[in-house]
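Reviewing the structure listed below.
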2 protein chains.
Amino acid sequence: MPIVWGMAEDVFKALADPTRRHILDELTERDGQTLFEICARLVTKHGLALSRQAISQHLAVLESAGLVHSRRQGRYKFHDLNTEPLECIVTRWLRPDAPGEHL
Amino acid sequence: MPIVWGMAEDVFKALADPTRRHILDELTERDGQTLFEICARLVTKHGLALSRQAISQHLAVLESAGLVHSRRQGRYKFHDLNTEPLECIVTRWLRPDAPGEHL
DNA sequence: ACGATAGGCAAGCAACGACTTGCCTATCAA
DNA sequence: TTGATAGGCAAGTCGTTGCTTGCCTATCGT
């Protein structure tokens with residue numbers, strides 16, 4: 001019975017965009033940021049001049065991939081990084097006997 | 001001094017396509033396959049009915065990302081999997097103190 | 001209640017990516 | 001040498017995607 005990697009689809013597509021990877025970098029540094037915080041820090045620290053909606057759509061992609069969880073609190077929405085989906089996606093192609101594969 | 005992940009760009013884009021991931025699956029199972037072999041096995045084992053050129057272009061993407069190495073021998077061109085670029089791309093977002101991250 | 005702040009929805013656009021088609025080159029076997 | 005096999009190159013199509021723009025809802029402070 002072959003292994004099915006169906007759930008990995010969204011994760012790989014989410015990771016394909018450099019802006020989304022920068023967002024994950026931001027959340028790795030500090031969890032629980034709001035949309036406006038992420039926008040500001042992407043501008044100041046990475047030089048990305050993107051609209052609020054662009055970031056919002058990226059966050060939606062990351063969330064539907066399971067890489068980001070969000071919790072609403074009043075008018076704020078805080079975003080947390082979730083690395084769980086990353087765990088299975090690389091070991092998929094690692095051969096047990098090959099050298100130099102020390103994750 | 002911030003870390004630069006420039007070389008990861010091609011790797012993530014290469015992994016974003018499901019067909020390319022199937023190709024990596026094939027090469028994980030058996031190294032040194034030719035283009036026609038990969039075509040045949042994608043059809044029979046994964047039900048993918050793609051043209052030879054489609055697979056060829058996918059292999060070019062994988063090769064320029066460093067995930068596949070190729071060696072020419074007569075009229076054959078053999079393809080080998082190279083997992084080295086995969087080593088740094090996931091640990092990027094893993095926090096050392098978080099639970100459940102046992103790669 | 002009112003304005004300001006935080007965020008969402010939807011249509012439109014421009015660029016990219018996957019795939020096909022057609023034709024060409026190179027190597028091997030007879 | 002001729003035909004068959006393995007692969008490469010380039011243009012064209014078509015769906016996807018990243019981003020913008022405009023407008024709307026919800027919550028908070030005063």
Practice task
For residues A/Glu9 and B/Arg21, determine if any side-chain heavy atom of one lies less than 4.5 Å from a side-chain heavy atom of the other.
Solution key: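 Side chain of A/Glu9 against side chain of B/Arg21, heavy atoms only: contact under 4.5 Å found.
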Problem - A/Ile89 side chain near A/Leu15 side chain, heavy-atom distance below 4.5 Å - result: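 A/Ile89 vs A/Leu15: side chains touch.
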Side-chain N or O of [X] closer than 4.0 Å to phosphate OP1/OP2 of [N]:
X	N	value
A/Ser51	D/dT20	yes
B/Arg20	C/dA18	yes
A/Lys77	D/dA26	no
A/Thr34	C/dG7	yes
A/Lys13	D/dT17	yes
A/Ser56	C/dG8	yes
A/His58	D/dC19	yes

Practice task
Provide, to the nearest angstrom, the distance between the CG atom belonging to B/Leu59 and the P atom belonging to D/dA6.
Solution key: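 B/Leu59 atom CG is separated from D/dA6 atom P by 15 Å.
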Exercise for the section: Determine whether B/Leu94 and A/Leu24 fall in the same hydrophobic cluster, where Ile, Leu, Val, Met, Phe, Trp and Tyr are linked whenever their side-chain heavy atoms lie under 4.5 Å apart. Expected result: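 Per the 4.5 Å side-chain linkage, B/Leu94 and A/Leu24 are co-clustered.
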Handout entry: Single-linkage hydrophobic cluster A/Val43~A/Ile23, side-chain heavy atoms < 4.5 angstrom
Key =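 In one cluster with A/Val43: A/Ile23, no.
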Identify which nucleotide among [options] has an atom closest to any side-chain atom of [X], counting heavy atoms from C-beta outward.
X	options	answer
B/Leu35	D/dG7, D/dG18, C/dC28	D/dG7
A/Gln53	D/dG8, D/dT20, D/dA6	D/dT20
B/Arg52	C/dA18, C/dC23, D/dT20	C/dC23
B/Ala54	D/dT20, C/dA29, C/dT20	C/dT20
A/Gln57	C/dC23, C/dA10, C/dA18	C/dA10
B/Arg75	C/dA4, D/dT20, C/dT27	C/dT27

Exercise for the section: Tell me, please, which residues at least two apart from B/Arg71 pass salt bridge (charged side-chain N to carboxylate O under 4.0 Å, His left out). Expected result: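 B/Arg71 satisfies salt bridge (charged side-chain N to carboxylate O under 4.0 Å, His left out) with B/Asp80 only.
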Name every donor-acceptor pair, under 3.5 Å, that has one atom in a side chain of residues 46-60 of chain A and the other anywhere in the protein, sequence neighbours excluded.
from	atom 1	to	atom 2	distance (Å)
A/His46	ND1	A/His22	ND1	3.2
A/Ser51	OG	A/Ala54	N	3.2
A/His58	ND1	A/Arg20	NH1	3.1

Practice task
Name the residue closer to the 5' end of DNA chain D, choosing between A/Ala16 and B/Tyr76 according to the nucleotide with the nearest heavy atom.
Solution key: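 It is B/Tyr76 whose nearest nucleotide is closer to the 5' end.
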Handout entry: Inter-axis angle, terminal five-pair segments of the helix from C/dA1-D/dT30 to C/dA30-D/dT1 [nearest 10°]
Key =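 Its terminal axes enclose an angle near 30°.
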